[in-house]
Protein chains: 2
Amino acid sequence: MGTVGKAISLLELFTVDQSELGLSDLARRSGFDKATTRRLLVALTARGFIEQDATTRHYRLGAGLSRLARIREARFPFLQTAVPLVRDLATTTAETVHLSEFGIDRLVTIHVEHPARANRVNVDIGQLLPMHSTASGIAYLAFARDETVKACLAGPLDVFTAHTLTEPDAISRSMSEARERGYSISDQGLEEGVISVAAAILAADGFALGTIAVAAPKSRTTAADIAQRGLAVVAAAREISMRLNGDNLQTLRRQA
Amino acid sequence: MGTVGKAISLLELFTVDQSELGLSDLARRSGFDKATTRRLLVALTARGFIEQDATTRHYRLGAGLSRLARIREARFPFLQTAVPLVRDLATTTAETVHLSEFGIDRLVTIHVEHPARANRVNVDIGQLLPMHSTASGIAYLAFARDETVKACLAGPLDVFTAHTLTEPDAISRSMSEARERGYSISDQGLEEGVISVAAAILAADGFALGTIAVAAPKSRTTAADIAQRGLAVVAAAREISMRLNGDNLQTLRRQA
DNA sequence: AAATAATGGTTCAAATAATGAACCGACATC
DNA sequence: GATGTCGGTTCATTATTTGAACCATTATTT
(Lines give C-alpha, C1' and ligand atoms only; values in the text may rest on other atoms or scores of the structure.)
Protein backbone atom coordinates (compact mmCIF):
# COMPACT_ATOMS: atom_id res chain seq x y z
CA MET A 1 0.00 0.00 0.00
CA GLY A 2 1.30 3.46 -0.88
CA THR A 3 1.66 6.26 1.60
CA VAL A 4 -1.47 7.96 0.35
CA GLY A 5 -3.51 4.81 0.90
CA LYS A 6 -2.14 4.53 4.41
CA ALA A 7 -3.05 8.10 5.21
CA ILE A 8 -6.58 7.55 3.98
CA SER A 9 -6.95 4.31 5.89
CA LEU A 10 -6.08 6.29 9.01
CA LEU A 11 -8.96 8.64 8.22
CA GLU A 12 -11.22 5.65 7.76
CA LEU A 13 -10.62 4.48 11.31
CA PHE A 14 -12.83 7.30 12.54
CA THR A 15 -16.51 6.44 12.87
CA VAL A 16 -19.52 8.11 14.42
CA ASP A 17 -18.95 6.12 17.60
CA GLN A 18 -15.17 6.49 17.55
CA SER A 19 -14.90 10.07 16.46
CA GLU A 20 -11.82 10.89 18.54
CA LEU A 21 -8.80 8.61 18.74
CA GLY A 22 -5.38 8.85 20.36
CA LEU A 23 -2.05 8.27 18.66
CA SER A 24 -1.32 4.85 20.14
CA ASP A 25 -4.87 3.75 19.47
CA LEU A 26 -4.63 4.79 15.83
CA ALA A 27 -1.28 3.04 15.46
CA ARG A 28 -2.71 -0.13 16.95
CA ARG A 29 -5.87 -0.14 14.85
CA SER A 30 -4.09 0.70 11.63
CA GLY A 31 -1.19 -1.66 12.20
CA PHE A 32 1.29 1.08 11.32
CA ASP A 33 4.24 2.03 13.45
CA LYS A 34 3.63 4.79 15.94
CA ALA A 35 6.18 7.02 14.22
CA THR A 36 4.59 6.38 10.84
CA THR A 37 1.13 6.99 12.21
CA ARG A 38 2.24 10.26 13.73
CA ARG A 39 3.95 11.44 10.56
CA LEU A 40 0.81 10.72 8.57
CA LEU A 41 -1.34 12.51 11.15
CA VAL A 42 0.92 15.55 11.02
CA ALA A 43 0.69 15.63 7.24
CA LEU A 44 -3.09 15.31 7.40
CA THR A 45 -3.35 17.96 10.11
CA ALA A 46 -1.30 20.40 8.04
CA ARG A 47 -3.95 20.20 5.33
CA GLY A 48 -6.95 20.26 7.66
CA PHE A 49 -8.02 16.65 7.10
CA ILE A 50 -7.37 15.94 10.77
CA GLU A 51 -7.69 18.15 13.83
CA GLN A 52 -6.06 17.58 17.17
CA ASP A 53 -7.81 18.41 20.42
CA ALA A 54 -5.67 20.94 22.25
CA THR A 55 -6.17 19.38 25.68
CA THR A 56 -6.72 15.65 25.21
CA ARG A 57 -4.25 15.48 22.28
CA HIS A 58 -6.66 13.16 20.56
CA TYR A 59 -7.26 13.34 16.85
CA ARG A 60 -10.49 13.79 14.94
CA LEU A 61 -11.58 14.33 11.34
CA GLY A 62 -10.94 17.88 10.17
CA ALA A 63 -12.80 20.66 8.43
CA GLY A 64 -10.83 20.23 5.20
CA LEU A 65 -12.86 17.13 4.48
CA SER A 66 -16.11 19.04 4.89
CA ARG A 67 -14.89 21.70 2.54
CA LEU A 68 -14.04 19.28 -0.25
CA ALA A 69 -17.21 17.30 0.33
CA ARG A 70 -19.22 20.48 -0.17
CA ILE A 71 -17.44 21.29 -3.38
CA ARG A 72 -18.35 17.84 -4.59
CA GLU A 73 -21.93 18.22 -3.48
CA ALA A 74 -22.24 21.55 -5.25
CA ARG A 75 -21.63 19.68 -8.47
CA PHE A 76 -23.66 16.72 -7.47
CA PRO A 77 -27.08 18.17 -6.85
CA PHE A 78 -29.00 15.19 -5.57
CA LEU A 79 -32.17 17.05 -4.65
CA GLN A 80 -32.31 19.20 -7.77
CA THR A 81 -31.78 16.19 -9.98
CA ALA A 82 -34.24 13.92 -8.25
CA VAL A 83 -37.22 16.18 -7.52
CA PRO A 84 -38.61 16.31 -11.08
CA LEU A 85 -38.58 12.51 -11.23
CA VAL A 86 -40.20 12.23 -7.81
CA ARG A 87 -42.92 14.52 -9.08
CA ASP A 88 -43.44 12.49 -12.24
CA LEU A 89 -43.69 9.31 -10.23
CA ALA A 90 -46.21 10.87 -7.87
CA THR A 91 -48.35 11.91 -10.84
CA THR A 92 -48.33 8.50 -12.51
CA THR A 93 -48.88 6.49 -9.30
CA ALA A 94 -51.24 8.95 -7.59
CA GLU A 95 -49.67 7.91 -4.29
CA THR A 96 -47.14 9.39 -1.88
CA VAL A 97 -43.57 9.37 -3.22
CA HIS A 98 -40.63 10.18 -0.98
CA LEU A 99 -36.92 10.62 -1.51
CA SER A 100 -34.31 9.76 1.13
CA GLU A 101 -30.64 10.16 1.64
CA PHE A 102 -28.56 8.07 3.97
CA GLY A 103 -27.22 9.84 7.05
CA ILE A 104 -25.12 8.08 9.67
CA ASP A 105 -27.45 5.17 10.48
CA ARG A 106 -30.84 6.02 9.06
CA LEU A 107 -32.45 7.44 5.99
CA VAL A 108 -33.40 11.09 6.05
CA THR A 109 -36.45 12.15 4.06
CA ILE A 110 -35.35 15.01 1.86
CA HIS A 111 -38.37 15.40 -0.41
CA VAL A 112 -42.00 14.25 -0.55
CA GLU A 113 -44.83 14.53 -3.08
CA HIS A 114 -48.30 13.80 -1.76
CA PRO A 115 -51.25 12.93 -4.02
CA ALA A 116 -54.27 15.24 -3.98
CA ARG A 117 -56.58 12.89 -2.11
CA ALA A 118 -57.63 12.61 1.50
CA ASN A 119 -56.76 8.99 2.15
CA ARG A 120 -53.03 8.86 1.66
CA VAL A 121 -49.82 8.00 3.44
CA ASN A 122 -48.24 11.01 5.04
CA VAL A 123 -44.47 11.45 5.19
CA ASP A 124 -42.68 14.59 6.36
CA ILE A 125 -39.49 16.13 5.14
CA GLY A 126 -36.76 15.51 7.67
CA GLN A 127 -38.43 12.35 8.93
CA LEU A 128 -35.96 9.60 9.83
CA LEU A 129 -36.61 6.10 8.54
CA PRO A 130 -35.24 2.99 10.24
CA MET A 131 -33.30 0.66 7.93
CA HIS A 132 -34.74 -2.74 8.79
CA SER A 133 -38.44 -1.96 8.75
CA THR A 134 -39.00 0.21 5.69
CA ALA A 135 -38.91 -0.45 1.97
CA SER A 136 -36.42 2.37 1.60
CA GLY A 137 -34.16 0.94 4.27
CA ILE A 138 -34.07 -2.51 2.68
CA ALA A 139 -33.53 -1.08 -0.79
CA TYR A 140 -30.64 0.96 0.53
CA LEU A 141 -29.04 -1.90 2.43
CA ALA A 142 -29.31 -4.14 -0.63
CA PHE A 143 -26.76 -1.91 -2.32
CA ALA A 144 -24.80 -0.64 0.67
CA ARG A 145 -21.26 -1.43 1.80
CA ASP A 146 -20.93 -4.55 3.89
CA GLU A 147 -19.75 -2.55 6.88
CA THR A 148 -22.78 -0.28 6.60
CA VAL A 149 -25.10 -3.27 6.50
CA LYS A 150 -23.38 -4.79 9.48
CA ALA A 151 -23.56 -1.54 11.43
CA CYS A 152 -27.25 -1.06 10.65
CA LEU A 153 -28.22 -4.57 11.68
CA ALA A 154 -26.00 -4.63 14.77
CA GLY A 155 -28.06 -2.41 17.05
CA PRO A 156 -31.39 -3.46 18.56
CA LEU A 157 -34.02 -3.65 15.82
CA ASP A 158 -37.20 -1.98 16.97
CA VAL A 159 -40.54 -3.72 16.47
CA PHE A 160 -43.15 -1.35 15.07
CA THR A 161 -45.95 -3.68 13.99
CA ALA A 162 -46.74 -7.38 14.01
CA HIS A 163 -45.19 -7.49 10.52
CA THR A 164 -41.82 -5.89 11.37
CA LEU A 165 -38.92 -8.18 10.47
CA THR A 166 -36.27 -8.30 13.17
CA GLU A 167 -34.45 -11.55 12.40
CA PRO A 168 -31.18 -10.69 10.59
CA ASP A 169 -31.71 -13.70 8.34
CA ALA A 170 -35.17 -12.56 7.32
CA ILE A 171 -33.86 -9.06 6.65
CA SER A 172 -31.00 -10.45 4.58
CA ARG A 173 -33.51 -12.43 2.54
CA SER A 174 -35.52 -9.24 1.89
CA MET A 175 -32.32 -7.57 0.74
CA SER A 176 -31.51 -10.44 -1.64
CA GLU A 177 -34.99 -10.29 -3.11
CA ALA A 178 -34.66 -6.54 -3.51
CA ARG A 179 -31.36 -7.01 -5.35
CA GLU A 180 -32.92 -9.58 -7.66
CA ARG A 181 -36.05 -7.73 -8.63
CA GLY A 182 -34.53 -4.25 -8.33
CA TYR A 183 -36.97 -2.95 -5.74
CA SER A 184 -37.91 -3.76 -2.15
CA ILE A 185 -41.37 -4.23 -0.65
CA SER A 186 -42.34 -3.41 2.91
CA ASP A 187 -45.72 -4.78 3.89
CA GLN A 188 -46.70 -2.84 7.03
CA GLY A 189 -43.19 -3.09 8.45
CA LEU A 190 -43.33 0.37 10.00
CA GLU A 191 -47.02 1.13 10.23
CA GLU A 192 -50.20 -0.96 10.01
CA GLY A 193 -52.07 -0.53 6.76
CA VAL A 194 -49.18 0.95 4.78
CA ILE A 195 -47.43 -0.87 1.96
CA SER A 196 -44.39 0.56 0.20
CA VAL A 197 -41.98 -0.19 -2.60
CA ALA A 198 -38.55 1.41 -2.92
CA ALA A 199 -35.45 1.36 -5.10
CA ALA A 200 -31.89 2.43 -4.40
CA ILE A 201 -30.27 5.41 -6.08
CA LEU A 202 -26.63 4.58 -6.73
CA ALA A 203 -23.50 6.69 -6.56
CA ALA A 204 -20.76 6.36 -9.16
CA ASP A 205 -19.05 3.70 -7.07
CA GLY A 206 -22.09 1.45 -7.41
CA PHE A 207 -23.10 1.75 -3.78
CA ALA A 208 -26.41 3.21 -2.65
CA LEU A 209 -26.62 6.89 -1.89
CA GLY A 210 -30.32 7.24 -1.21
CA THR A 211 -33.68 5.82 -2.16
CA ILE A 212 -36.95 6.67 -3.82
CA ALA A 213 -40.15 5.05 -2.55
CA VAL A 214 -43.90 4.90 -3.15
CA ALA A 215 -46.08 4.45 -0.06
CA ALA A 216 -49.81 3.67 -0.22
CA PRO A 217 -52.71 2.50 1.97
CA LYS A 218 -52.74 -1.28 1.78
CA SER A 219 -56.54 -1.36 1.55
CA ARG A 220 -56.55 -0.11 -2.02
CA THR A 221 -53.35 -1.77 -3.21
CA THR A 222 -53.37 -4.94 -5.33
CA ALA A 223 -50.48 -7.24 -6.19
CA ALA A 224 -50.58 -5.78 -9.69
CA ASP A 225 -50.24 -2.27 -8.24
CA ILE A 226 -47.14 -3.36 -6.34
CA ALA A 227 -45.51 -4.85 -9.42
CA GLN A 228 -46.32 -1.79 -11.49
CA ARG A 229 -45.04 0.65 -8.86
CA GLY A 230 -41.96 -1.49 -8.40
CA LEU A 231 -41.04 -1.15 -12.05
CA ALA A 232 -41.80 2.58 -11.98
CA VAL A 233 -39.71 3.18 -8.88
CA VAL A 234 -36.78 1.24 -10.36
CA ALA A 235 -37.00 3.25 -13.57
CA ALA A 236 -37.00 6.51 -11.60
CA ALA A 237 -34.08 5.41 -9.43
CA ARG A 238 -32.10 4.37 -12.53
CA GLU A 239 -32.79 7.68 -14.21
CA ILE A 240 -31.70 9.66 -11.15
CA SER A 241 -28.56 7.54 -10.79
CA MET A 242 -27.76 8.08 -14.45
CA ARG A 243 -28.30 11.82 -14.36
CA LEU A 244 -26.10 12.04 -11.32
CA ASN A 245 -23.29 9.87 -12.54
CA GLY A 246 -23.43 10.21 -16.29
CA ASP A 247 -22.89 6.86 -17.98
CA ASN A 248 -20.08 6.35 -15.56
CA LEU A 249 -22.03 4.18 -13.16
CA GLN A 250 -20.08 1.10 -12.24
CA THR A 251 -22.14 -2.01 -11.87
CA LEU A 252 -21.64 -3.41 -8.46
CA ARG A 253 -20.26 -6.92 -8.54
CA ARG A 254 -21.93 -8.56 -5.65
CA GLN A 255 -22.54 -12.02 -4.31
CA ALA A 256 -26.23 -12.79 -4.64
CA MET B 1 6.32 18.22 0.88
CA GLY B 2 5.46 14.62 1.69
CA THR B 3 3.45 12.37 -0.56
CA VAL B 4 0.34 12.79 1.54
CA GLY B 5 0.53 16.57 1.24
CA LYS B 6 0.91 16.27 -2.50
CA ALA B 7 -2.11 14.02 -2.76
CA ILE B 8 -4.19 16.48 -0.76
CA SER B 9 -3.00 19.45 -2.76
CA LEU B 10 -4.26 17.61 -5.84
CA LEU B 11 -7.67 17.39 -4.20
CA GLU B 12 -7.51 21.08 -3.43
CA LEU B 13 -7.23 21.99 -7.08
CA PHE B 14 -10.90 21.18 -7.49
CA THR B 15 -13.33 24.05 -6.95
CA VAL B 16 -17.00 24.67 -7.59
CA ASP B 17 -16.10 26.21 -10.95
CA GLN B 18 -13.39 23.69 -11.81
CA SER B 19 -15.02 20.53 -10.60
CA GLU B 20 -13.61 18.24 -13.30
CA LEU B 21 -10.00 18.29 -14.38
CA GLY B 22 -7.90 16.21 -16.76
CA LEU B 23 -4.61 14.53 -15.97
CA SER B 24 -2.36 16.97 -17.83
CA ASP B 25 -4.25 19.89 -16.37
CA LEU B 26 -3.85 18.58 -12.85
CA ALA B 27 -0.15 17.95 -13.43
CA ARG B 28 0.30 21.48 -14.75
CA ARG B 29 -1.63 23.18 -11.96
CA SER B 30 0.01 21.16 -9.21
CA GLY B 31 3.48 21.36 -10.64
CA PHE B 32 3.95 17.61 -10.23
CA ASP B 33 5.13 15.30 -12.95
CA LYS B 34 2.43 13.67 -14.99
CA ALA B 35 3.46 10.22 -13.81
CA THR B 36 3.43 11.35 -10.19
CA THR B 37 0.09 13.04 -10.62
CA ARG B 38 -1.37 9.94 -12.11
CA ARG B 39 -0.01 7.67 -9.40
CA LEU B 40 -1.52 9.91 -6.74
CA LEU B 41 -4.84 10.02 -8.57
CA VAL B 42 -4.90 6.25 -8.78
CA ALA B 43 -4.24 5.97 -5.04
CA LEU B 44 -6.98 8.51 -4.31
CA THR B 45 -9.40 6.78 -6.66
CA ALA B 46 -8.83 3.44 -4.95
CA ARG B 47 -10.10 4.99 -1.71
CA GLY B 48 -12.98 6.91 -3.25
CA PHE B 49 -11.50 10.37 -2.74
CA ILE B 50 -11.42 10.84 -6.49
CA GLU B 51 -13.69 9.52 -9.23
CA GLN B 52 -12.87 9.31 -12.89
CA ASP B 53 -15.44 9.93 -15.57
CA ALA B 54 -15.60 6.83 -17.75
CA THR B 55 -15.92 8.71 -21.02
CA THR B 56 -14.06 12.01 -20.65
CA ARG B 57 -11.38 10.41 -18.43
CA HIS B 58 -11.49 13.53 -16.34
CA TYR B 59 -11.19 13.38 -12.59
CA ARG B 60 -13.50 14.78 -9.93
CA LEU B 61 -13.83 14.67 -6.15
CA GLY B 62 -15.19 11.35 -4.91
CA ALA B 63 -17.89 10.13 -2.58
CA GLY B 64 -15.40 8.98 0.05
CA LEU B 65 -14.95 12.61 1.01
CA SER B 66 -18.69 13.06 1.57
CA ARG B 67 -18.76 9.98 3.73
CA LEU B 68 -15.99 11.16 6.03
CA ALA B 69 -17.41 14.66 6.12
CA ARG B 70 -20.71 13.19 7.33
CA ILE B 71 -18.92 11.35 10.12
CA ARG B 72 -17.30 14.57 11.17
CA GLU B 73 -20.56 16.44 11.02
CA ALA B 74 -22.29 13.82 13.13
CA ARG B 75 -20.22 14.87 16.15
CA PHE B 76 -20.06 18.40 14.99
CA PRO B 77 -23.42 19.40 13.53
CA PHE B 78 -22.37 22.90 12.67
CA LEU B 79 -24.04 23.09 9.29
CA GLN B 80 -27.34 21.51 10.29
CA THR B 81 -27.56 23.75 13.30
CA ALA B 82 -26.61 26.94 11.54
CA VAL B 83 -28.38 26.72 8.19
CA PRO B 84 -31.91 27.53 9.44
CA LEU B 85 -30.57 30.63 11.16
CA VAL B 86 -28.59 31.66 8.11
CA ARG B 87 -31.79 31.33 6.12
CA ASP B 88 -33.76 33.43 8.60
CA LEU B 89 -31.12 36.11 8.55
CA ALA B 90 -31.11 36.13 4.73
CA THR B 91 -34.86 36.59 4.74
CA THR B 92 -34.90 39.45 7.21
CA THR B 93 -31.92 41.30 5.69
CA ALA B 94 -32.65 40.51 2.02
CA GLU B 95 -28.91 40.40 1.47
CA THR B 96 -26.28 37.68 1.02
CA VAL B 97 -25.59 35.77 4.22
CA HIS B 98 -22.66 33.38 4.43
CA LEU B 99 -21.42 30.96 7.02
CA SER B 100 -17.74 30.12 7.47
CA GLU B 101 -15.64 27.69 9.38
CA PHE B 102 -11.98 28.13 10.20
CA GLY B 103 -9.53 25.81 8.47
CA ILE B 104 -5.74 26.01 8.89
CA ASP B 105 -5.22 29.69 8.13
CA ARG B 106 -8.36 30.93 6.47
CA LEU B 107 -12.10 30.79 6.70
CA VAL B 108 -13.93 28.31 4.51
CA THR B 109 -17.38 29.25 3.22
CA ILE B 110 -19.66 26.36 4.08
CA HIS B 111 -23.07 27.79 3.34
CA VAL B 112 -24.53 30.75 1.50
CA GLU B 113 -27.99 32.19 1.09
CA HIS B 114 -28.36 34.70 -1.73
CA PRO B 115 -31.27 37.14 -1.93
CA ALA B 116 -33.55 36.93 -4.96
CA ARG B 117 -32.33 40.10 -6.59
CA ALA B 118 -29.90 40.80 -9.37
CA ASN B 119 -27.64 43.28 -7.61
CA ARG B 120 -26.17 41.29 -4.79
CA VAL B 121 -22.87 40.12 -3.41
CA ASN B 122 -21.96 36.68 -4.67
CA VAL B 123 -20.13 34.18 -2.51
CA ASP B 124 -19.46 30.54 -3.43
CA ILE B 125 -19.46 27.52 -1.20
CA GLY B 126 -15.89 26.38 -0.61
CA GLN B 127 -14.55 29.88 -1.16
CA LEU B 128 -11.63 30.80 1.08
CA LEU B 129 -11.67 34.11 2.92
CA PRO B 130 -8.52 35.88 4.09
CA MET B 131 -8.50 36.80 7.78
CA HIS B 132 -7.30 40.39 7.75
CA SER B 133 -9.45 41.82 5.00
CA THR B 134 -12.94 40.45 5.63
CA ALA B 135 -15.56 41.08 8.28
CA SER B 136 -15.67 37.34 8.94
CA GLY B 137 -11.90 37.17 9.37
CA ILE B 138 -11.82 40.00 11.89
CA ALA B 139 -14.80 38.63 13.80
CA TYR B 140 -13.07 35.27 13.99
CA LEU B 141 -9.72 36.66 15.10
CA ALA B 142 -11.44 38.73 17.78
CA PHE B 143 -12.31 35.49 19.53
CA ALA B 144 -9.45 33.27 18.38
CA ARG B 145 -6.50 31.87 20.33
CA ASP B 146 -3.54 34.20 20.60
CA GLU B 147 -1.35 31.82 18.63
CA THR B 148 -3.93 31.68 15.84
CA VAL B 149 -4.07 35.46 15.70
CA LYS B 150 -0.30 35.67 15.63
CA ALA B 151 -0.04 33.04 12.89
CA CYS B 152 -2.68 34.76 10.77
CA LEU B 153 -1.07 38.17 11.00
CA ALA B 154 2.49 36.87 10.56
CA GLY B 155 2.42 36.13 6.85
CA PRO B 156 2.33 38.82 4.16
CA LEU B 157 -1.07 40.50 4.23
CA ASP B 158 -2.39 40.87 0.72
CA VAL B 159 -3.79 44.20 -0.43
CA PHE B 160 -7.08 43.73 -2.27
CA THR B 161 -8.44 47.27 -2.46
CA ALA B 162 -7.46 50.79 -1.42
CA HIS B 163 -9.38 50.10 1.81
CA THR B 164 -7.61 46.88 2.82
CA LEU B 165 -6.04 47.15 6.26
CA THR B 166 -2.54 45.68 6.37
CA GLU B 167 -1.03 47.36 9.44
CA PRO B 168 -1.13 44.85 12.33
CA ASP B 169 -2.05 47.70 14.68
CA ALA B 170 -5.00 48.74 12.57
CA ILE B 171 -6.16 45.15 12.35
CA SER B 172 -5.83 44.72 16.11
CA ARG B 173 -7.94 47.82 16.58
CA SER B 174 -10.64 46.38 14.31
CA MET B 175 -10.57 43.24 16.40
CA SER B 176 -10.96 45.18 19.64
CA GLU B 177 -13.90 47.08 18.22
CA ALA B 178 -15.45 43.81 17.08
CA ARG B 179 -15.07 42.40 20.59
CA GLU B 180 -16.70 45.45 22.12
CA ARG B 181 -19.71 45.76 19.87
CA GLY B 182 -20.00 42.02 19.18
CA TYR B 183 -19.67 42.25 15.42
CA SER B 184 -17.05 43.34 12.92
CA ILE B 185 -17.42 45.62 9.92
CA SER B 186 -15.43 45.38 6.73
CA ASP B 187 -15.85 48.40 4.48
CA GLN B 188 -14.58 47.24 1.07
CA GLY B 189 -11.63 45.42 2.58
CA LEU B 190 -11.75 42.58 0.07
CA GLU B 191 -13.67 44.03 -2.84
CA GLU B 192 -14.66 47.53 -3.90
CA GLY B 193 -18.30 48.36 -3.30
CA VAL B 194 -18.96 45.59 -0.80
CA ILE B 195 -19.64 46.20 2.88
CA SER B 196 -20.04 43.36 5.36
CA VAL B 197 -20.76 42.72 9.01
CA ALA B 198 -19.90 39.48 10.78
CA ALA B 199 -20.03 37.82 14.18
CA ALA B 200 -18.11 34.89 15.60
CA ILE B 201 -19.70 31.57 16.42
CA LEU B 202 -18.08 30.13 19.53
CA ALA B 203 -17.15 26.57 20.44
CA ALA B 204 -17.63 25.19 23.93
CA ASP B 205 -14.18 26.42 24.95
CA GLY B 206 -15.19 30.01 24.27
CA PHE B 207 -12.97 30.37 21.23
CA ALA B 208 -14.28 31.10 17.77
CA LEU B 209 -15.10 28.21 15.51
CA GLY B 210 -16.59 30.01 12.56
CA THR B 211 -18.54 33.10 11.60
CA ILE B 212 -21.78 34.28 10.14
CA ALA B 213 -21.77 37.37 7.94
CA VAL B 214 -24.04 39.64 5.90
CA ALA B 215 -22.52 41.11 2.74
CA ALA B 216 -24.20 43.84 0.70
CA PRO B 217 -23.48 46.35 -2.07
CA LYS B 218 -22.27 49.50 -0.34
CA SER B 219 -24.29 51.71 -2.65
CA ARG B 220 -27.57 50.80 -0.99
CA THR B 221 -26.30 50.42 2.56
CA THR B 222 -26.79 53.12 5.22
CA ALA B 223 -25.16 53.41 8.65
CA ALA B 224 -28.49 52.39 10.14
CA ASP B 225 -28.51 49.25 7.97
CA ILE B 226 -25.07 48.33 9.29
CA ALA B 227 -26.12 48.76 12.92
CA GLN B 228 -29.27 46.77 12.38
CA ARG B 229 -27.49 43.94 10.54
CA GLY B 230 -24.79 43.95 13.19
CA LEU B 231 -27.32 43.26 15.92
CA ALA B 232 -29.02 40.61 13.80
CA VAL B 233 -25.78 38.85 12.99
CA VAL B 234 -24.76 38.84 16.65
CA ALA B 235 -28.11 37.39 17.65
CA ALA B 236 -27.81 34.67 15.03
CA ALA B 237 -24.23 33.82 16.04
CA ARG B 238 -25.26 33.63 19.72
CA GLU B 239 -28.17 31.36 18.91
CA ILE B 240 -25.96 29.03 16.82
CA SER B 241 -23.30 28.95 19.56
CA MET B 242 -25.94 28.14 22.13
CA ARG B 243 -27.54 25.39 20.11
CA LEU B 244 -24.14 23.84 19.45
CA ASN B 245 -22.84 23.97 22.97
CA GLY B 246 -25.94 23.70 25.05
CA ASP B 247 -25.83 26.03 28.03
CA ASN B 248 -22.28 25.06 28.92
CA LEU B 249 -20.64 27.74 26.79
CA GLN B 250 -17.72 29.12 28.69
CA THR B 251 -17.37 32.85 28.53
CA LEU B 252 -13.95 33.69 27.27
CA ARG B 253 -11.94 35.62 29.78
CA ARG B 254 -10.03 37.96 27.65
CA GLN B 255 -8.04 41.13 27.88
CA ALA B 256 -10.06 43.89 26.25
C1' DA C 1 -5.78 14.92 -45.70
C1' DA C 2 -1.37 15.31 -43.84
C1' DA C 3 0.99 17.50 -40.10
C1' DT C 4 1.02 19.01 -35.56
C1' DA C 5 0.11 19.24 -30.82
C1' DA C 6 -2.54 18.11 -27.56
C1' DT C 7 -4.43 14.27 -24.57
C1' DG C 8 -4.22 9.98 -21.06
C1' DG C 9 -1.24 6.55 -19.77
C1' DT C 10 3.36 3.61 -18.96
C1' DT C 11 8.32 2.31 -17.92
C1' DC C 12 12.49 1.84 -15.00
C1' DA C 13 17.06 3.45 -13.13
C1' DA C 14 18.07 7.14 -9.97
C1' DA C 15 16.75 10.04 -6.25
C1' DT C 16 14.20 10.71 -2.36
C1' DA C 17 11.06 9.98 1.15
C1' DA C 18 9.11 6.56 4.36
C1' DT C 19 10.11 3.38 7.91
C1' DG C 20 10.55 1.44 12.72
C1' DA C 21 13.34 -0.02 16.78
C1' DA C 22 14.87 2.40 20.40
C1' DC C 23 14.44 6.30 22.91
C1' DC C 24 12.49 10.40 25.89
C1' DG C 25 9.71 12.70 29.50
C1' DA C 26 5.16 12.82 31.58
C1' DC C 27 1.48 10.83 33.71
C1' DA C 28 -1.07 7.00 35.96
C1' DT C 29 -1.54 2.77 38.30
C1' DC C 30 0.07 -0.75 41.24
C1' DG D 1 9.50 3.24 43.36
C1' DA D 2 8.54 -0.10 39.90
C1' DT D 3 5.78 -0.79 35.83
C1' DG D 4 2.90 0.37 32.03
C1' DT D 5 0.88 3.69 29.32
C1' DC D 6 0.68 7.79 26.86
C1' DG D 7 2.27 11.39 23.06
C1' DG D 8 6.17 12.40 20.68
C1' DT D 9 11.23 12.12 18.53
C1' DT D 10 15.55 10.32 16.34
C1' DC D 11 18.29 8.42 12.48
C1' DA D 12 20.46 4.59 9.91
C1' DT D 13 18.20 1.34 6.88
C1' DT D 14 14.94 0.42 3.38
C1' DA D 15 11.41 0.86 0.11
C1' DT D 16 8.77 4.06 -2.37
C1' DT D 17 8.44 7.94 -5.23
C1' DT D 18 10.13 10.34 -9.08
C1' DG D 19 10.53 12.03 -13.96
C1' DA D 20 12.52 11.96 -18.68
C1' DA D 21 11.41 9.50 -22.42
C1' DC D 22 8.23 6.69 -24.31
C1' DC D 23 3.42 4.95 -26.49
C1' DA D 24 -1.26 5.19 -28.56
C1' DT D 25 -5.24 8.27 -29.29
C1' DT D 26 -7.56 12.15 -30.11
C1' DA D 27 -8.28 16.87 -31.27
C1' DT D 28 -6.45 20.95 -33.83
C1' DT D 29 -4.11 23.31 -37.51
C1' DT D 30 -2.28 23.94 -41.89
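So you know, we letter chains A, B, ... as the sequences are listed, proteins then strands, and number each from 1.
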Checklist entry - A:Met131 and A:Tyr140: side chain to side chain contact (heavy atoms under 4.5 Å, CB included), yes or no, with the steps? => result CA-CA 8 Å; A:Met131 302 308 284; A:Tyr140 184 90; 3.4 Å; yes
Item to check | B:Ile125 and B:Val108: CA distance, side-chain angles, deciding distance, side chain to side chain contact (heavy atoms under 4.5 Å, CB included) verdict | outcome: CA-CA 8 Å; B:Ile125 285 181; B:Val108 183; over 6 Å; no
Item to check | Full working for salt bridge (charged side-chain N to carboxylate O under 4.0 Å, His left out) between B:Arg173 and B:Glu177 | outcome: CA-CA 6 Å; B:Arg173 221 172 306 126; B:Glu177 288 166 19; over 6 Å; no
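Across all strands shown, C:dA2 is found opposite D:dT29 as a Watson-Crick or G-U wobble partner, with both distances under 3.5 Å. Pair assignment for D:dC23 gives C:dG8, based on Watson-Crick or G-U wobble hydrogen-bonding distances that are each under 3.5 Å.
For the pair A:Leu21 and B:Phe32, both in contact range of DNA chain D, the more 5′-proximal nearest nucleotide belongs to A:Leu21.
Residue A:Tyr59 contributes atom OH, which lies 13 Å from atom P of D:dC6 at whole-angstrom precision. When the C1' atom of D:dT16 is taken as reference, atom CG of B:Asp33 falls 15 Å away, rounded to whole Å.
Not counting sequence neighbours, the partners of B:Asn122 by the side chain to side chain donor-acceptor pair (under 3.5 Å) test are B:Arg120.
Taking the six-membered ring for Trp and the full ring otherwise, the centers of A:Phe143 and A:Phe207 sit at least 6.0 Å from each other.
The side-chain contact (heavy atoms from CB on, under 4.5 Å) test with B:Phe32 singles out one residue from B:Lys6, B:Arg39, B:Arg38, and that residue is B:Lys6.
To the nearest 0.5 Å, atoms CD (A:Glu101) and NE2 (A:His111) are separated by 14.0 Å.
Non-hydrogen atoms lying under 4.0 Å from DNA chain C are contributed by B:Ala35, B:Arg38, all within residues 35-49 of chain B.
Between B:Lys6 and D:dT18 there is a side-chain polar atom (N or O) within less than 4.0 angstrom of OP1 or OP2.
Under the 30°/60° scheme for interplanar angles, the aromatic rings of A:Phe49 and B:Phe49 are found to be tilted.
The outermost nucleotides of DNA chain C lying under 4.0 Å from heavy atoms of chain A, listed 5' to 3', are C:dA18 to C:dA21.
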